[in-house]
Amino acid sequence: MKTMLIFFNKAVRPLWEGRPSIYSFMLEQGESVGGSLPDDEEFWSGSKLRWVAGGLDGAFGHHAGPGQMTDETRELVHLLAKQSRKPKISIRKTLYAKLVKTDIGSKMDAILDEVRKQSGIQPDGLFQEAKWLAENGAHRNAVKFGIALLGLFQNEQVKELLLTLGRHDEFTLYAAVAIRNGMEDSNQVLFELVKYVHGWGKIHLVERLEPATEEIKDWLLRQGCQNSVMNEYLACICARNGGLREALSDDLVDSALFDGATDIMQALLNGGPAEDIDDYEYSPQVVSDYVRLAWVMGSSVKHLSVLFSIRDFLAQDEENWSRRMLEGWSEQLRTDNRDACESLIAEAKWVSIVIDAISTGDSSDRHYGAVCADKLGMDIWDALYGQLAADPLQDFHYFQLMKSNDPNRIRQLVQFATEHLPLQHIAAGPGDEMGVGQEYAAHHILDTILQSLDRYEGIGVELILTGLNSPVIRNRNLAIKA
């Protein structure tokens, strides 16, 4: 009997009981909020692929259509209406349990529309339940639902709550919408929040940030574009809202502006999932002004990389350029800028700048340094190989070093990998792993080597056999190819 009572008590225990709320967890983290959340293991249970914070909502929000109401989500609204009229712990437990299992992100707009239509909902009760979910929820879906509901009200009184939760990329989108809908000075609050996020959260905020002040415009041009997902999502937005054309038209600009413009230009020229250089209506002016300013200010491998990208853009085939000639470009402008890029690229200073970037720069400098070295025809193989001894798990280095066409160099690199990679750990036996995450860093390096080994007969047999015995699917596929 005692055992049955214990079991019954556990069965009816609220899902949030005995767990830290996400809000309290984030208060303990302070301003430097990481990517992990207390419900990670439960939320991702059974999934081999974990999205970065905010990635699931971000990807579906940018690349999928809105979700539709279902019987399941109508039941959520029905429970919410009951709870708003006469709050009960039993209703809250049922509502919460359904939220934990519901794909909130794709259905939120439809749910909020349904809530607005519900004549039986009591506003005061709804606000209190929303605040409780945001403040006390131990599961991300419940917290997101609470934040979204707070956006239906004037919510200055919960500003600190929204700003705290919004500092985590997983919740920034919901906080941004709630702030924008519910605060008088919402734009300034969004600008306050955007300083704390760097991934999908930053993308969502910059997309919603109005260039209402010179401070905001200056920030958009200098720091607004850079994010940990893809700069391409924000490049055109920052160029337009920050006033890139006007800013670059000055005879001289500060180094922070030139560096920010460099990031924007690179992303516009890369193209990608958002608007690019051909969508930006002032591209002829900003390309010309960037090249003009580069004569005086070009001093880093990133600057040089953008000059190469501009040159390649200007050298594209005539099919692309026949359309551009109708959108502000002229053949004279194209030719002048291409010649200027060639002259700038030919300057002798770049060789030492590239070498310094590869030898002493951070990971970004090394990346741009390697890109520029390839285009300049510089041999940096020995320099990169020498850096592997300090950290044999530098995937970037293997990728660059495997580009060599010299079998002796490839043999040397393969021998190094054979001696320094944890081959026994990799060859744990076939499985169906995707190989995502830091724990698969060595497996990813093996991928990088195997994908090029088929060009070198007789080299890397031990690595191929290791790949065939790896639990990571791609390792085995590339080993078979090799």
Side-chain angles (χ1 to χ4, degrees), residues 34-37 40-53 55-56 59 199 228-230 358 361-367 369-371 374 380-482:
S36 63
L37 287 170
D40 274 349
E41 295 308 315
E42 181 177 350
F43 185 78
W44 297 111
S45 177
S47 174
K48 292 187 178 297
L49 182 63
R50 293 191 181 192
W51 291 72
V52 296
L56 197 56
S228 60
V229 181
M230 286 184 76
I358 292 168
D362 58 19
S363 59
S364 175
D365 285 338
R366 287 198 299 271
H367 165 75
V371 169
D374 280 348
I380 58 171
W381 199 94
D382 288 332
L384 290 177
Y385 182 79
Q387 294 175 9
L388 271 183
D391 182 5
L393 294 181
Q394 298 182 75
D395 182 59
F396 165 78
H397 285 63
Y398 287 96
F399 177 77
Q400 294 296 329
L401 292 167
M402 285 300 295
K403 291 180 179 180
S404 174
N405 293 316
D406 183 344
N408 290 326
R409 283 182 164 178
I410 298 300
R411 188 175 288 107
Q412 181 181 351
L413 180 61
V414 165
Q415 183 62 35
F416 179 91
T418 303
E419 294 172 356
H420 290 84
L421 294 182
L423 300 188
Q424 283 189 317
H425 169 71
I426 296 174
D432 59 355
E433 298 295 332
M434 297 296 292
V436 177
Q438 188 56 39
E439 64 267 34
Y440 291 102
H443 300 74
H444 192 68
I445 288 171
L446 184 61
D447 272 353
T448 302
I449 298 172
L450 290 175
Q451 68 186 355
S452 300
L453 271 187
D454 59 341
R455 294 188 290 135
Y456 303 99
E457 184 177 352
I459 299 177
V461 172
E462 188 172 353
L463 297 183
I464 293 171
L465 293 175
T466 299
L468 289 172
N469 272 300
S470 169
V472 176
I473 298 168
R474 182 172 165 81
N475 278 167
R476 298 199 302 279
N477 285 338
L478 289 172
I480 291 170
K481 175 176 175 288

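The basis for the numbers below is simple: all heavy atoms, side chains too, and nothing from hydrogens, waters or symmetry mates.
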[X]: what forms a side-chain contact (heavy atoms from CB on, under 4.5 Å) with it, not counting sequence neighbours?
X: Thr418; answer: Val414, Leu423, Glu462, Leu463
X: Asp454; answer: Lys481
X: Tyr385; answer: Trp381, Leu388, Leu401, Gln412, Leu413, Phe416
X: Arg411; answer: Asn408, Ile459

When you measure from the side chain of [X] to the backbone of [Y], do you find a donor-acceptor pair of N or O atoms at a distance under 3.5 Å?
X: Gln387; Y: Ile358; result: yes
X: Asp40; Y: Leu37; result: yes
X: Arg476; Y: Ser470; result: yes
X: Gln400; Y: Ile380; result: no
X: Asp395; Y: Thr448; result: no

For [X], is the [atom1] atom crowded, meaning more than 12 foreign heavy atoms sit under 6.0 Å from it?
X: Met230; atom1: CE; result: yes
X: Glu439; atom1: CD; result: yes
X: Gln424; atom1: CD; result: no
X: His420; atom1: NE2; result: yes

Can you find a pair of side-chain heavy atoms, one from Ser404 and one from Ile410, that are under 4.5 Å apart?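 Ser404 vs Ile410: side chains touch.
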
Report yes if the side chains of Asn405 and Tyr456 come closer than 4.5 Å at any heavy-atom pair, otherwise no. yes

Using the test salt bridge (charged side-chain N to carboxylate O under 4.0 Å, His left out), find all partners of Asp365 that sit at least two apart in sequence or belong to another chain. none

Using the test ring pair (Phe, Tyr, Trp, His ring centres under 6.0 Å), find all partners of Phe396 that sit at least two apart in sequence or belong to another chain.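 Once residues adjacent in sequence are excluded, Phe396 has no partner under the ring pair (Phe, Tyr, Trp, His ring centres under 6.0 Å) criterion.
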
